[in-house]
Novice: 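Input: one structure, supplied below.
In listed order, ligands and their atoms are each counted from 1.
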Amino acid sequence: MKNRKLLMIPGPIEFDPAVLSALGAPTTSHVAPNFIEIFGQALERMRKVFLSEDGQPIVLAGTGTLAMDTAACNLVEPGDRALVVNTGYFSERFTAILERYGCKVDQVNAPVGGRPTLEEVEKVLKSGDYKLLVVTHVDTSTGVINDIAGLAALSRKYNSLFLVDGVCAVAGEELRMSEWGVDLALTASQKAIGVPPGLALLVAGKRAIAAFKARKTPVLNYYADWTNWLPIMEAYEARKPAYFATPAVNLVYALNISLGQILEEGMGARFARHIALSRACKSGMRAMGLGQVPTRPEFAANTLSAPRYPQGLDVAKFLPAVTNAGVILAGGLHPAIKTEYFRIGHMGACTISDILATVGAVERGLAESGYTVPESGVAAALNAYYQA
Ligand code: PMP
């Protein structure tokens with residue numbers, strides 16, 4: 001471990017050793033009794049992590065984009081309408097996927113770093129017959145978080161299915177599927193769920209499943225079609241063998257371990273830890289004179305930070321200098337501001353030590369790139385973490 005750099009990008013993240021060691025376990029058959037038990041347990045645990053009482057968990061070999069593709073192809077019939085709350089790069093991706101399946105998509109937009117207000121969303125939602133309301137919980141390109149409870153209430157009022165891209169949020173940001181009325185939430189393994197890349201994870205609530213069952217046209221994607229997958233997920237949960245396409249056996253072992261750890265921490269404690277880590281990181285950046293992409297503090301996610309480069313910084317030198325100081329960070333992603341900011345992921349197994357190492361490495365990187373910090377970030381981060 002000594003020669004390793006700390007990986008602090010918004011996914012893949014650092015993984016717990018017990019999770020990683022599951023990847024090296026002997027691979028069993030996908031219908032071996034031990035695997036059926038593990039997969040069944042993982043499905044039950046997913047429901048608890050997504051805080052869904054009666055949703056259908058679905059685990060596929062793939063990534064977050066496949067989870068988005070799966071949600072779209074199963075819930076869209078050509079000619080259906082969707083309203084996308086657009087907060088950046090991944091909302092644009094969801095729009096493109098929905099359109100691929102013949103959906104007519106409208107967007108409510110906001111300036112980069114902002115988010116549409118509930119009033120703005122409601123105005124458009126009430127004007128059209130939208131089958132779907134789609135939002136990115138945390139847009140990884142801007143670090144902006146959306147008001148999921150508020151949007152869920154709007155979707156209920158106007159009778160739209162509410163889909164949440166939770167790829168950079170689930171198991172880090174508060175999400176209460178049943179209580180808030182979220183119809184489908186999805187994520188990928190490599191983020192706050194804490195498992196190496198390779199799994200697409202979804203929980204579909206009762207209304208989403210009913211909408212799927214009421215389809216009049218076939219699903220326009222063979223692999224992701226729930227007609228193939230629902231019986232498989234139901235079988236594993238009933239501890240029965242089933243096959244449609246080979247599950248990623250070792251990743252499912254790893255998923256079950258990580259979900260167990262998440263539930264042991266407790267969802268409330270986990271959300272609170274992510275808030276404290278985020279507060280520490282953002283306070284460190286602020287003390288060093290760095291602004292952030294989210295235009296208001298309440299728009300800023302807890303799973304990542306998106307600090308803006310300060311004036312006078314030699315941007316080309318900065319990230320390599322941070323890497324030299326032991327921490328790997330991500331550059332900008334949103335096309336409109338790509339060269340103006342960088343991104344720090346702090347989710348999953350992340351600890352305050354990781355945040356302090358990161359803030360310290362950023363401080364070093366700033367100094368090496370020609371910027372003098374007004375105040376040290378590390379003390380500010382530490383104080384903010386332990387503030388009540
Ligand atoms: N949505 C969001 C919010 C994301 O952050 C990502 C990945 N960064 C995706 C979707 C796509 O996930 P993947 O890269 O696993 O396909």
Novice: Any luck finding a side-chain donor-acceptor pair between T27 and Y253 under 3.5 Å?
Specialist: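 There is no such pair (donor and acceptor under 3.5 Å, judged by atom type) between the side chains of T27 and Y253.
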Novice: Closer than 4.0 Å to some heavy atom of D165 - which atoms of ligand 1 meet that?
Specialist: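 Checking each atom against D165, I get 1 (N), 2 (C), 3 (C), 10 (C).
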Novice: Ignoring angles and geometry beyond distance, decide whether T63 reaches within less than 3.5 Å of ligand 1 through its nitrogen or oxygen atoms.
Specialist: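 Yes; the residue has a nitrogen or oxygen that sits under 3.5 Å from a nitrogen or oxygen of the ligand.
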Novice: Quick one: does ligand 1 sit under 4.0 Å from the side chain of T136, the backbone, both or neither, non-hydrogen atoms only?
Specialist: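 Near ligand 1, T136 shows its side chain, while the N, CA, C and O stay back.
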Novice: For ligand 1, which atoms sit closer than 4.0 Å to a heavy atom of G64?
Specialist: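 Counting from 1, the qualifying ligand atoms are 12 (O), 13 (P), 15 (O), 16 (O).
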Novice: Between L60 and Y222, is there shared hydrophobic-cluster membership here, with clusters defined by ILVMFWY side-chain heavy atoms closer than 4.5 Å?
Specialist: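 In one cluster: yes.
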Novice: Which protein non-hydrogen atom lies closest to atom 10 (C) of ligand 1, naming both residue and atom, and how far is it?
Specialist: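 For this ligand atom, the closest protein heavy atom is F90 CD2, 3.4 Å.
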Novice: Indicate yes or no: at least one non-hydrogen side-chain atom of W226 is less than 4.5 angstrom from one of V219.
Specialist: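 No; the side chains remain at least 4.5 Å from each other.
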Novice: So if I count the atoms of ligand 1 from 1 in the order they appear, which ones are less than 4.0 Å from some heavy atom of T65?
Specialist: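 Going through ligand 1 atom by atom, the ones under 4.0 Å from T65 are 11 (C), 12 (O), 13 (P), 16 (O).
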Novice: Compute the ring centroids of Y158 and Y130, then answer whether they are less than 6.0 Å apart.
Specialist: no
Novice: Should the ring pair F35 and Y236 be called parallel, tilted or perpendicular, given that the plane angle runs from 0 to 90° and is split at 30 and 60?
Specialist: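 It falls in the perpendicular class, over 60°.
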Novice: Heavy-atom distances under 4.0 Å are what count here, so tell me which part of H137 touches ligand 1: side chain, backbone, both or neither.
Specialist: neither
Novice: Is K191 in polar range of ligand 1, meaning some N or O pair under 3.5 Å apart?
Specialist: yes
Novice: Salt bridge or not between E44 and K48? Use side-chain N to carboxylate O under 4.0 Å.
Specialist: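 No salt bridge links E44 with K48.
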Novice: Any luck finding a side-chain donor-acceptor pair between S305 and Q292 under 3.5 Å?
Specialist: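 No, because no side-chain N or O of S305 sits under 3.5 Å from a partner of the opposite role on Q292.
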Novice: Which residue holds the protein heavy atom closest to atom 14 (O) of ligand 1, what is that atom called, and what is the gap in Å?
Specialist: Q190 NE2, 4.0 Å
Novice: I'd like to check which ligand 1 atoms, numbered from 1 as shown, lie under 4.0 Å from a non-hydrogen atom of V138.
Specialist: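 Numbered from 1, ligand 1 contributes 3 (C).
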Novice: Which ligand 1 atoms does T140 reach within 4.0 Å, using its non-hydrogen atoms?
Specialist: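 Checking each atom against T140, I get 2 (C), 3 (C), 4 (C), 5 (O).
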Novice: Under 4.0 Å from a heavy atom of M68: which atoms of ligand 1 are those, numbered in the order shown and with their elements?
Specialist: 10 (C)
Novice: I want to check something: taking the side chain as every heavy atom from C-beta on, are V359 and M288 in contact at a cut-off of under 4.5 Å?
Specialist: yes
